[in-house]
Amino acid sequence: MSRRPSPLGIVFDIQRAALHDGPGVRTTVFLKGCPLRCPWCHNPESRTRSPQLGFDADKCSSCRTCADACLEGVHAFDSVLGAFGQADSGMRSEVGTGGPPVREPRMTPMFARTPGPGVPTRFQSNAPSTFDSAALHLVSWDRCTLAGNCVSSCPSDALRIYGSERAVPEIMEIVRRDKAYYARSGGGLTLSGGEPTSQIDFAEALLRAAKAEGIHTCVETCGFAPRASFERLLDCCDLFLFDIKASDEEKHRELTGVPLGQIRDNLRWLAGRGAKLLLRCPMIPGVNDDQGHLRAIAALSRELPLEGVELLPYHESGLAKRERIGSRDPFVRPAVPGPAQIAAWRAFLVAEGCRGLG
Amino acid sequence: MDMRCFPDLSLEASLEGLPFAPLFPDPLSLEFAITAAHREHEGEPPAVRELAVLSVQFPACLQPIGEGDLFAGRVYYPLVSFGPEPGGLGYACREGAVREVLKRPDINPETAAKAEAMLAYWRSRTTEARTRAAYPPELARTLPSDAYTSDSAIAFPLYRIGGTVLDYGRLIRVGLPGLIDEARERELSADGEGRTYLRSTVGALGLILDSCERYARQAESLATATSDLGRRGELETIRQSLETLRSGPPASLHEAIQLAWLYALHSGTWNYGRADVYLGPLLAADLAAGRLDEPGALRLIEGWWRLMKAYDNQYNNRVYIGGKGRPDEPASDRFALLAMEATRRVRLNQPQLSLRFYDGQNPELMAKALTVLGEGATFPMLYNDDVNIPAVAKAFQVSEAEAVEYHPFGCGEYVLGGRSLGSPNGVINLAKCLEAALHEGTDPWGKSRTGPKAPVLGEMGSFEQVWAAYTAQVEHHVAACALQERIEYDVAGREACYLFASALYADCIDRARPMLSGGVRYLGGTLETYGNITASDSLRAIDELVFRRRKLGLGELVAACDADFKGARNESIRRQLLAVPKYGNDDDGADSMAQRVHNHVCRFTSEQAARVGLHSYLVVIINNWTNVVFGQTTHATPDGRRSGEPLTNGNNPAPGADRQGVTAFLNSLVKLDPGLHAGSVQNMKFSREMFGRSRPGLEALLGTYWERGGTQAMITVVSKSDLEAAMRDPGQWGHLMVRVGGFSARFIDLPRGAQEDVLRRTCHE
């Protein structure tokens, strides 16, 4: 038995007691990095492999501590008065009650999209400030070297770094703490992200470590990876949560940035090799929920021996996260589907003979 | 005849209170009569005096059958009263309330003068005053105040005989006449003291018989007066039950509840025992014979619940269902399910329905409990017999056969029903012990010192020295509280017999001795500890930042706390303190310190029993408002808590401190050994969805928690007001998880729009 070196991985979150990332009670480890760029992504901080700065303007009090702490000039402050000639503190009274002022989230960047590299995002300060009541906090993302001085000095917890280097034993120490819960519920470890296969060495090592301790494993994947990656995971992943985002090659490329063919081939290959697969279908109104795609999902469910099919209705939480990292990735703003829309998708799928819709 | 209902013991209620039949119509006349009875029997045996007082107090303080009541029995405690707890300890006088009455325009000068004389009489004669007078000087210095809700100190006494759980099973089996016969028979072979006690017992029980007759007559006249046929039938049922109870034991569910209820009211106790055990068989018999159907039984239980709410003690009023040691489980289960249904419908904060369970119990009971909780009820509370019974056996040093009769009364303290006393007669603030240890033993608020001097900060060069200073404060005050409990029992026992309660407590009638004079089988006490986790998280922060990583000097840290973290440098220190991992996150460092604090206070406390002559003296770590009250007089603490903010509650982490998810939270909870104390309380909030779609997940989480040693859970559903509070004050709500779309997220991390969406959804559920 060859001894592989224990690889490191860039992990940006670990969630224990996860109930929606596979069966039972699970611990989900989120790996950074993804080859796709779906415009509806609710984890935009997961797309790039490298760690990155995050800033929550809702919490910022314009105290300027970060500007003093940072040696690279990432944080700068400007007065709204100077820029626009009119102060607006962003504070509102509680409507109708005359109650104490309430912070409303009026955090909006000055531009709908940050226009290109090098231009900082301007955030209008939100919190009641002791310094001046109308400050602009400018963040020059590209200058950040991840030193983290601003993070540790911020008195309002407004700054953080997404992603850090972790080793397998460190992660397993956390994962194994909930073994009793996994045993009782059929739960275990789930790898998610980002795209776990984008850090295939680390992903495989982590899964094997879990299996060695008798822990059930899941991998959430978009399916876009070399065949060899899935070959490596085949015997250490108990259940693949496999995403399918569009069924038309051209549309797929336009939306996600990558070809569909490779994904579909991997899916069929895994099914052919007896892998357990749960098909997960993000449903983005007006973007990918056309009848053709739904029909294709139904067809796949009949063609392949799947564990089931799950719809993932669009939700908006990704939008605020984009602002927090100064994301320049493309995005869409569809309507959030209500129960009626979801029921309509389900009815259509059932009518098209979809099997195992959960 | 006045038919008003008197819902609570508040000042308003007592000022409005009117007697049942107009025996004492003039203001304060009942109080004068009780005082006269007490005075006239001064020097006589306590049993005789107590009976004389009770003979005046009951039936005068009993209130008429209220509109819609399905059982007879409402009570109002006069401002001078006798009882174990409701009006105060033993003989009690509520001076403040009396003075309020004296302000009324209808008080004539004669009454006012009489009242002043009465107040002067009682000032040195209440059982509480006599207890305080009996403290040796050293004790009085350590426990200088009785006003724990307003003064600043480390520990305070509480004056009551709390947590009495009568042997209702025996009462229902033999009935009132049967109990009287038992006392009479034992009297024949008793010694002089015993005969006096038992004769008074018979007299007291006779008062209950009289109450039955009075209520029966009232029910009859109300029935005649009403044209509502349904109501007439209900009143007739009350009358018939009361008649039966005067001559024999109860033979139906209605009779049994009526008897238990009246006895409880006369005894001044607030916990109703294992209702499914003593009522289940009668329920089953009624159903089988067609005397009652399930909807009718449910109505009766709901009616009983409403009367408990009228008796009104939100910290007690416990009813127990489920668990091991129930002779007729199927019958008991039927009652238990109806009890939970009654709680589901009668959505009040009382009774505190408590479900005991064990692995292998009828699964319908737990399923019903989770459904009821999922709808937003705050009961039943859940108790795991598989862990609690062995833990109680160990902590109380009794066999498992006796430990089966554990009852979590009040706010969560355990007692052995019908055979042990464990009145929580002291409260201690562990966070303030640490505060004193860091201020040379002195209270920084009042500048006084009730414990030993602690070393100057500069002299404490290691964590173990800080630990030693902390434990010295704890031990000094715990030892004082144990002695105080012994003295309180002794004085209360010299003053009175607590005739009603003693009659249903082992082994009082057998031994012919009242409960506090050698009658009770196990005379134990309990000590309420507060701020346990505030203290342990604080000690952990000191250990980590000052001594291990050398990031801060001890003096600097204490100064920052004293400044309530004001100023940029102190705010930065506070951030460092907050960043040290806290209990509730399955963190070994934080949790091992929590264990160390827990083990120390539990062990030292239990060692006091032998020293003061109690069967047991145990810590309880419970859930009420005292953590808020104590927080108001505790400065900022090294866990990052600000001055005046609440201390931690029960065995729970600091609010919002548990951020690693519910499995990490549960893992932390089960690290604290339950076999060292007499009860703790753990609060858990789950989103409504956990009781619905994700119910298997909830069951797996709870099932694993019980399996790993979880003792107890108070489960509530996340409410709209929780979410609103989290939006206003996110710092305290880091633990709150909600479902958004297809995943769960920490609520405070969601953008505002998503939070408002979750809030809207919660309103509509």
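Every chain is numbered from 1, with letters handed out A, B, ... down the list of sequences.
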Study note, to complete from the structure: Looking only at heavy atoms, the pair that brings B/Thr704 and A/Arg184 closest together is OG1-CD, 3.2 Å
Check your understanding: Any idea which heavy atoms bring A/Tyr181 and B/Tyr705 closest together, and the distance?
Key -> CE2-N, 4.4 Å
Check your understanding: Got B/Asp749 and A/Asp56 here, is their nearest side-chain heavy-atom distance under 4.5 Å?
Key -> no
**Study point:** Residue pair B/Thr663 / A/Arg177, side-chain heavy-atom distance below 4.5 Å
**Key:** no
Revision key, fill the gap. To the nearest 0.5 Å, atom CZ of B/Arg695 lies from atom CG of A/Leu19 at 14.0 Å
Exercise for review: Pick one of side chain, backbone, both or neither for B/Glu707, based on which atoms fall under 4.5 Å of a heavy atom in chain A.
Suggested key: side chain
Exercise for review: Using non-hydrogen atoms and a 4.5 Å limit, figure out which bit of B/Met727 sits close to chain A: side chain, backbone, both or neither.
Suggested key: neither
Practice item. For side chain to side chain contact (heavy atoms under 4.5 Å, CB included), just list the numbers for A/Arg16 and B/Asp586, CA-CA rounded to whole Å, side-chain angles, deciding distance to a tenth of an Å, and then say yes or no. Key: CA-CA 11 Å; A/Arg16 292 168 71 170; B/Asp586 203 10; 2.7 Å; yes
Review point. Which of the residues B/Ala664, B/Gly697, B/Ala579, B/Pro696 is involved in the greatest number of heavy-atom pairs with chain A at under 4.5 angstrom?
Key: B/Ala664
Review point. With respect to chain A, which residue among B/Glu571, B/Met690, B/Arg574, B/Gln660 yields the maximal number of heavy-atom pairs within a distance under 4.5 Å?
Key: B/Gln660
Practice item. Step through the shown structure and confirm whether more than 12 heavy atoms of other residues, nucleotides or ligands are within 6.0 Å of CD on B/Glu375. Key: yes
**Study point:** A/Thr65 portion near chain B, given a 4.5 angstrom heavy-atom threshold
**Key:** neither
Practice item. Report yes or no: does B/Arg575 contribute a side-chain atom to a donor-acceptor pair with the main-chain N or O of A/Ser153 at less than 3.5 Å? Key: yes
Exercise for review: Sort out for me which of A/Ser185, A/Ala183, A/Cys154, A/Pro337 touches chain B most, counting heavy-atom pairs under 4.5 Å.
Suggested key: A/Cys154
